Number of protein chains: 2
Amino acid sequence: MAVADPIARLVKELARLPGIGEKTAQRLAFHILEQGAERAGALAEAITGVVRDVRCCSVCQTLTDRDPCAICADPKRDPRLVCVVESVPDLVAVERTHEFRGRYHVLHGALSPLDGVGPSDLKIRELLLRLEREPADEVVVATNPDVEGEATALYLKKLLSPSGVRVTRIAQGLPMGGDLEYADQVTLARALSGRREL
Amino acid sequence: MAVADPIARLVKELARLPGIGEKTAQRLAFHILEQGAERAGALAEAITGVVRDVRCCSVCQTLTDRDPCAICADPKRDPRLVCVVESVPDLVAVERTHEFRGRYHVLHGALSPLDGVGPSDLKIRELLLRLEREPADEVVVATNPDVEGEATALYLKKLLSPSGVRVTRIAQGLPMGGDLEYADQVTLARALSGRREL
């Protein structure tokens, strides 16, 4: 490449990010250069700051800069209702509904034997210890409705049932604005079996 | 948002980059967090390094970490043949052809009265001073074949002609693999008027 070494190095670093190819990385690098030292400094500081200041909440394992996190420290959130999610973006998605007033537990993944992800790679032990320490009435398993998420949900059900806690699963069915004609068989079958009184 | 402040700040900084929306910025932020301190440090250092170490070459105005840049310092490159480009990525594109053995001059933009970009906003004065200092036999104007690039080419032609230097323009016509049926009128007209002996 006919560009200066520092530019080539930045392009290489940016191209490591997911969904960013060589071409986009080059465009971003020149944009960062054009914006000047102040904006570039703010971006670099935000990157170093995030890995320096963010850790897992000791209660719910979400990523946070204080421990316990804002949700675990909020006395208005019901500690006897725990929603289990795969990742922090999933937690953010549930929060956006403004429908859930309990607390969370982030697994940081889902069971996937093919990818070598077993129970010990997830924050499952932390969930068990937490529920021993602070028993809950209900655990809502909100893992993704895919093979890994379903397997994780069943595994958690088997693990938590002996303790007598109610283990529930978020509903599966047609999404809002969906169309029966174009729904896949599994989704439609789940929507039928999950039907409720009107 | 239900994410920690350092994450929210990083998402905001990333979302300022061109072509990166809120959603992509969030995905990138969590990826950077997951990758850990070492990779994040390398990225942050590459960003601060690029604005710290890169400046304009005093000869050709390309972005470089040494002055003069590698191309201007290369005795094998013909100093009497100067290719004028709008931007550093354009210079990289010409270099990739391995067809050009002269030197470059980067304008850092093109004339665009509507956007308030006049001759004094481009490195045109630097080009004139340079050609006075080191006269060239030919200046190849390789600005983009769009309204701004064409206007810039014509302006340079008028400016440089009195000095007796040969001013040429890169050819316009059908791109390789193109199709006459789907070519726009202007491109096809230029391809016709620019026809050459076989």
Side-chain angles (χ1 to χ4, degrees), chain A residues 1-7 9-14 16-20 23-24 26-55 57 62-66 69-71 87-89 91-96 104 108, chain B residues 1-7 9-14 16-20 23-24 26-55 57 62-66 69-71 87-89 91-96 104 108:
Chain A
M1 270 235 283
V3 297
D5 288 346
I7 304 180
R9 189 165 68 238
L10 177 57
V11 170
K12 205 175 119 209
E13 289 296 336
L14 289 170
R16 286 178 195 273
L17 297 172
I20 306 236
K23 204 85 191 172
T24 309
Q26 193 184 302
R27 196 160 47 87
L28 292 178
F30 282 115
H31 177 87
I32 288 169
L33 248 176
E34 260 171 39
Q35 293 290 297
E38 198 185 325
R39 285 248 58 79
L43 176 57
E45 166 55 26
I47 290 168
T48 44
V50 87
V51 290
R52 182 187 59 220
D53 299 333
V54 173
R55 66 215 69 213
C57 170
T62 193
L63 296 166
T64 176
D65 55 339
R66 42 201 153 156
C69 72
I71 294 176
S87 68
V88 180
L91 181 157
V92 174
V94 177
E95 274 298 280
R96 254 198 313 259
Y104 292 93
H108 290 276
Chain B
M1 270 237 284
V3 297
D5 287 345
I7 305 179
R9 190 166 66 239
L10 178 57
V11 170
K12 207 176 119 209
E13 288 295 335
L14 289 169
R16 286 178 194 274
L17 297 172
I20 306 233
K23 204 86 191 172
T24 309
Q26 193 183 302
R27 195 160 48 86
L28 292 178
F30 282 115
H31 177 87
I32 288 169
L33 248 175
E34 261 169 38
Q35 292 290 295
E38 198 185 325
R39 284 248 57 79
L43 177 57
E45 166 55 26
I47 291 168
T48 45
V50 86
V51 289
R52 184 186 58 220
D53 300 334
V54 173
R55 67 214 67 214
C57 169
T62 193
L63 297 165
T64 176
D65 55 340
R66 41 199 155 157
C69 71
I71 293 177
S87 68
V88 180
L91 181 158
V92 174
V94 176
E95 274 298 280
R96 253 198 315 261
Y104 292 94
H108 291 277

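Quick caveat: nothing in here was measured; it's all calculated off a predicted structure.
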Chain A contacts, top residue of [options] (heavy-atom pairs, under 4.5 Å):
options             : answer
B/V88, B/L63, B/V51 : B/V51
B/A40, B/P89, B/A37 : B/P89
B/I20, B/L91, B/L43 : B/L43

Tell me, side chain or backbone of [X] under 4.5 Å from chain B's heavy atoms, or both, or neither?
X     : answer
A/I7  : both
A/A70 : neither
A/R16 : both

For the candidates [options], which exhibits the highest count of non-hydrogen atom pairs separated by less than 4.5 Å from chain B?
options                    : answer
A/L28, A/D53, A/L14        : A/L28
A/G49, A/S87, A/A42        : A/A42
A/T64, A/L33, A/T48, A/T62 : A/L33

According to side-chain contact (heavy atoms from CB on, under 4.5 Å), who are the partners of B/R27, at least two apart in sequence or on a separate chain?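 For B/R27, the residues satisfying side-chain contact (heavy atoms from CB on, under 4.5 Å) (neighbours in sequence not counted) are A/P18, B/T24.
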
Please list, chain by chain and in numerical order, all residues satisfying side-chain contact (heavy atoms from CB on, under 4.5 Å) with A/Q35, sequence neighbours excluded. A/H31, A/R39

Is the number of heavy atoms from other residues, nucleotides or ligands under 6.0 Å of B/R66 CZ greater than 12?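 Not buried by this count: 12 neighbours or fewer within 6.0 Å.
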
Spacing of B/E45 atom CD and A/E13 atom CD [to the nearest 0.5 Å]: 10.0 Å

Give me the atom names and distance for the closest heavy-atom approach of A/V11 to A/A29. CG2-CB, 3.7 Å

Side-chain heavy-atom pair B/I32, A/L17 within 4.5 angstrom cut-off: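 Side chain of B/I32 against side chain of A/L17, heavy atoms only: contact under 4.5 Å found.
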
